[in-house]
Amino acid sequence: SEIAFNMARRLHLVFKKMTDKLSSLSIIIPAFNEEKCIRETIQDILSTIDGFTSDYEIIVSDDGSSDRTVHYVESLSHSCVRCLIHGNTGKGGAVARGVEQASKEYLLFMDADNSSTIHELPKLMAFIQHSPIVIGSRQIQGNHNRDEHRFRKLIGIIYNRLIRVVLNLPIRDTQCGFKLFETSVAKELFRQLKETGFVFDTELLYLAKKKGIAVNEAGISWIKKDRSSVHVIRDSIRMFVGLFRIRSARYDVKTVHGK
């Protein structure tokens, strides 16, 4: 029937968008004392990335690690993997340094502990032709998500509600560390960011909203790894305070790119 034909055509188009390769991709991985997982994460990317793009670079942005994180990255001796070494500024600062060095058309940043793996990338790729920013979301149903830390889950719920009230930002999950950009847009936004800690994600999306840059959310699978260096109570307090700094900050809302 015509209805069945149209449904099949839509499914074909969705599948095609999810399997089309990106022209080129920079992958930014902020890292702070991640010696237990960074090598495994990079190897997972290298074993899979050819299915998503044939032109890529992996930039590990080390944020003043005191362990052997840098050693393990450099020991891979891979032509597409490099490590930026800098003193400790916070996750936002580490990502920003990686974005500044990115040279490919698209840019993905992801967590060093592989909470969301590179295998989730096609879910974001399906939307990148419709908006220059696509962010992974743990709040969209139908995906496997696990975080056994109940207090962290409660903090996340409170924080997301505060974001809507304080910043009028209708994003369901600002903090998931798996985000895809057109690189030119990422560079435009990161040049204006003032936050260098964990609240930088919120500031990034708030600035995109003020500039009128479209953002799509895509549901992804996510499993929290306890070996991360995040300190739940301390960093939660810093994030709540950061919200009010963002609200009172002044930004240049002119944009050179938007969809």
Side-chain angles (χ1 to χ4, degrees), residues 28 30 32 61 63 88-100 107 109-111 124 127 131-140 147 149 151-220 222 224 228-259:
I28 312 299
F32 178 71
S61 184
D63 195 39
N88 181 254
T89 59
K91 183 180 180 181
V95 175
R97 292 189 292 275
V99 170
E100 184 179 9
L107 181 150
F109 68 77
M110 60 183 289
D111 291 333
L124 275 61
F127 295 96
S131 63
I133 304 174
V134 186
I135 64 174
S137 176
R138 298 160 293 186
Q139 303 303 318
I140 296 177
D147 185 349
H149 199 304
F151 182 69
R152 182 163 47 211
K153 290 175 69 174
L154 176 62
I155 289 294
I157 292 171
I158 296 171
Y159 184 75
N160 282 334
R161 290 181 178 175
L162 273 177
I163 286 172
R164 292 173 180 268
V165 174
V166 177
L167 301 180
N168 192 28
L169 189 62
I171 300 291
R172 283 172 284 190
D173 187 2
T174 62
Q175 300 309 114
C176 182
F178 200 78
K179 294 179 172 69
L180 180 65
F181 301 78
E182 291 181 8
T183 300
S184 60
V185 172
K187 288 179 179 288
E188 176 187 342
L189 292 172
F190 272 90
R191 277 194 292 267
Q192 290 195 54
L193 291 195
K194 307 177 191 304
E195 298 293 329
T196 59
F198 284 100
V199 78
F200 86 96
D201 295 86
T202 303
E203 184 185 24
L204 182 75
L205 296 171
Y206 178 67
L207 182 56
K209 176 177 176 287
K210 290 181 73 70
K211 284 176 168 285
I213 299 174
V215 177
N216 258 311
E217 289 187 82
I220 60 171
W222 181 86
K224 183 61 189 172
S228 172
S229 59
V230 175
H231 299 275
V232 177
I233 297 177
R234 183 195 69 189
D235 292 322
S236 297
I237 293 172
R238 290 178 177 176
M239 288 169 63
F240 289 134
V241 173
L243 276 184
F244 294 93
R245 285 198 304 268
I246 293 170
R247 188 179 69 171
S248 61
R250 294 185 177 182
Y251 301 97
D252 177 8
V253 297
K254 293 183 294 185
T255 182
V256 297
H257 192 296
K259 285 188 180 180

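These numbers come from a predicted model, not from an experiment.
- Partners of A208 under the side-chain contact (heavy atoms from CB on, under 4.5 Å) rule, at least two apart in sequence or in another chain, are I133, L189, I213, V215.
- Contact between A94 and T89 at its shortest, heavy atoms only, is N-OG1, 4.0 Å.
- Atom CD of E188 and atom CG of L207 lie 8.0 Å apart (nearest 0.5 Å).
- A distance of 11.5 Å separates OG of S137 from CG of N216, quoted to the nearest 0.5 Å.
- Listed by first and then second residue, the side-chain hydrogen bond (donor to acceptor under 3.5 Å, both in side chains) pairs that reach into residues 196-205 are Y159-T202, T174-T202, Q175-T202, K179-D201, E203-Y251, sequence neighbours excluded.
- Contact detail for F244 and F240: the closest heavy-atom pair is CD1-O, 3.3 Å.
- N88 pairs by the side-chain contact (heavy atoms from CB on, under 4.5 Å) definition with F32, D63, not counting sequence neighbours.
- In terms of heavy atoms, I220 sits closest to C176 at CD1-SG, 3.5 Å.
- By the salt bridge (charged side-chain N to carboxylate O under 4.0 Å, His left out) test, R247 pairs with no residue at all, sequence neighbours left out.
- Residues K211 and V253 approach most closely at CG-O, 3.5 Å, considering heavy atoms.
- Between K187 atom NZ and E182 atom CD the span is 13.5 Å, to the nearest 0.5 Å.
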Handout entry: Q192/K210 under side-chain contact (heavy atoms from CB on, under 4.5 Å): CA gap, chis, key distance, verdict
Key = CA-CA 12 Å; Q192 290 195 54; K210 290 181 73 70; over 6 Å; no
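- Counting only distance, with no hydrogens or angles, the side chain of E195 and the backbone of I246 share no donor-acceptor pair below 3.5 Å.
- Partners of D111 according to the side chain to side chain donor-acceptor pair (under 3.5 Å) rule, which considers only residues two or more places apart in sequence or in another chain, are K91.
- Minimum interatomic distance between L205 and I135 (heavy atoms only, all atoms of both residues): CD1-CD1, 3.9 Å.
- Taking the six-membered ring where tryptophan is involved, the planes of F181 and F190 are perpendicular, since the angle between them exceeds 60° and thus also 30°.
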When the side chains of residues 160-172 are checked against the rest of the protein, which donor-acceptor pairs come out under 3.5 Å, sequence neighbours left out?
| residue | atom | partner | partner atom | Å |
| --- | --- | --- | --- | --- |
| N160 | ND2 | G156 | O | 3.3 |
| N160 | ND2 | R172 | O | 3.2 |

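- Applying the ring pair (Phe, Tyr, Trp, His ring centres under 6.0 Å) rule to Y206 yields no partners; only residues at least two apart in sequence or on another chain are considered.
- Residues V95 and F200 approach most closely at CG2-CZ, 3.8 Å, considering heavy atoms.
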